[in-house]
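Data first, discussion second: the structure below is written as structure tokens.
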Amino acid sequence: MRHTSEQPPRPVLTVPVIPLPGEPVADAASTAPDGLTLGRRIRHFRNRQGLTLSELAGRVDSTTSQLSHVENGNREPRLSLITAIAAELGVSVAELLEPGPPPDRRAELEIALDRAQRSSLYAGLGVAPVRPGRTMPLNVLESLVALHTELARRAAEAIATPEEARRANTEIRMIMRTRDNYLPEIEELGEDLIRRAGYTSGALTHSTVSEMARTLGFEIIHVPDLPHSTRTVTDLANGRIYLPPASIPGGHGLRSLALQAIAHRVLGHTRPVSYADFLRQRLEITYFAATCLIPRSAAVDYLSERKRSRDLAIEDFRDAFGVTHEAAALRFTNLATSHLDLPLHFLRVSDDGALYKGYENDGVGLPADVHGAIEGQYVCRHWAARAAFERRTRTTEFHQYTDTPAGTFWCSTQTGRSDAGEFSITVGVPFNHAKWFRGRETARRAASGCPDESCCRRPATDLSQRWQEHSWPSAALHTQILAPLPSGTFPGVDDAEVYAFLEANAPSEGP
Ligand SMILES: [Zn+2]
């Protein structure tokens, strides 16, 4: 049954907010049709007038081949030529140029087929393209386009190799670093939408999220039987967002899921064409949800006041907006540099020391592989992100100054537990910015020599000599991390840790 009240919501943004390398930066205000749509409109009106290419070419002082290029979207015609063509075809220039869909179903399919056949996905198949001539039956055209659509869907769905995933991740992290992890276009969009839904201050309520969805033409429906492989499902035809049952009290998870589902539409996302595109969309929807859950104006007011009082603390920021510690810390990275003049770093580290997520624009040396990927790399044992696991009492943040080859940093770490085990969330700043934070008076100080392996990665020489030939560890798999862990003697195994363990547990004497 179709929803009767509203049209399916239209996207608010029509261009990617984060252009990937090599992608043209489109003008957000530009809504003119692309060359192919224009060309197909010209062909449509030419056929309606019963004119051949050469007849029209003769009348507008052009050539058959030039006009053919125009109709196939291979050449942008000058405005004078468009004006002449419009006059000959008995339509206005606006009718040719105005934004909107192609003139008819056939033209729409021809454009879709042309785009599909120009894609790198298709080129990779090595199959000769077909030209959809006027004699090609419409149902053949329909079928071809449907095949291409399915092909693209399957390619996007295919599991990316760890190498691709790491490359794409690194690429996007580098782009975000140049932007101080801040996307003002999405900030403004999110804040505008929640204000229109009635948000005034403090934490964002479920009812405001529902109201916001309604103003965008969506109804939020909680169902107990979502497909296992999904987090949410959106029915675009009927303007419905299906979410899991509202059964997680206190968490911001459901609000965030609803906002992320809305975001795909609001941000004008189309099916991702590559793994990088998929990651970019994930980042954009997560960012959008964060701008709604912790709106910029309220957050900047709050944080600026805390900075003036020299009492900045992620735990308070978290509690003020009713989100998780990780969400608060990540949101802090969006706003800290642009609005508080603070360079900083963020780490999510699992209890074995492997980095799960990281961001920095303060020069702290994140562990990275030769390609610059950080996921799965071990963080220095002496950093706060790992030292915090040694504490007994973990209800408050853990503070530490760490001297590193890149300078001294002050870090604040909170530990937590998920289904996958314990993890720590760290926000750190260079020494001279510690003065704005609660916990700056800590007496805890550590020294880190990483990435020099003699700091904490290389086993002590005597232990190596003793154990190297007498140990056989079996690596644990990190299913939640995109890539294999850096290898020791055995792939994925931390030698220093293994040898220290063996030493500590060996009966009386070692080998
Ligand atoms: Zn170290």
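Excluded from the calculations below are hydrogen atoms, water molecules and symmetry mates; all remaining heavy atoms, backbone and side chain alike, are included. Indexing begins at 1, ligand by ligand and atom by atom, following the structure's order.
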Per the side-chain contact (heavy atoms from CB on, under 4.5 Å) rule, which among Ile186, Leu335, Asn334, Thr291 passes with Arg296?
Leu335
Which atom of Arg348 lies closest to which atom of Ile425, heavy atoms considered:
CG-CD1, 3.8 Å
Closer than 2.8 Å to the Zn ion (ligand 1), how many protein N/O/S atoms do you count?
4
Please walk me through it: do Phe317 and Leu303 pass side chain to side chain contact (heavy atoms under 4.5 Å, CB included)?
CA-CA 8 Å; Phe317 186 43; Leu303 293 171; 3.7 Å; yes
When you check the side-chain N and O atoms of Glu187 and Tyr287, is any donor under 3.5 Å from an acceptor?
yes
Side-chain heavy atoms of Ser424 within contact of Phe389, under 4.5 Å:
yes
Compute whether any side-chain donor of one residue and acceptor of the other, for Thr402 and Gln400, lie under 3.5 angstrom apart.
yes
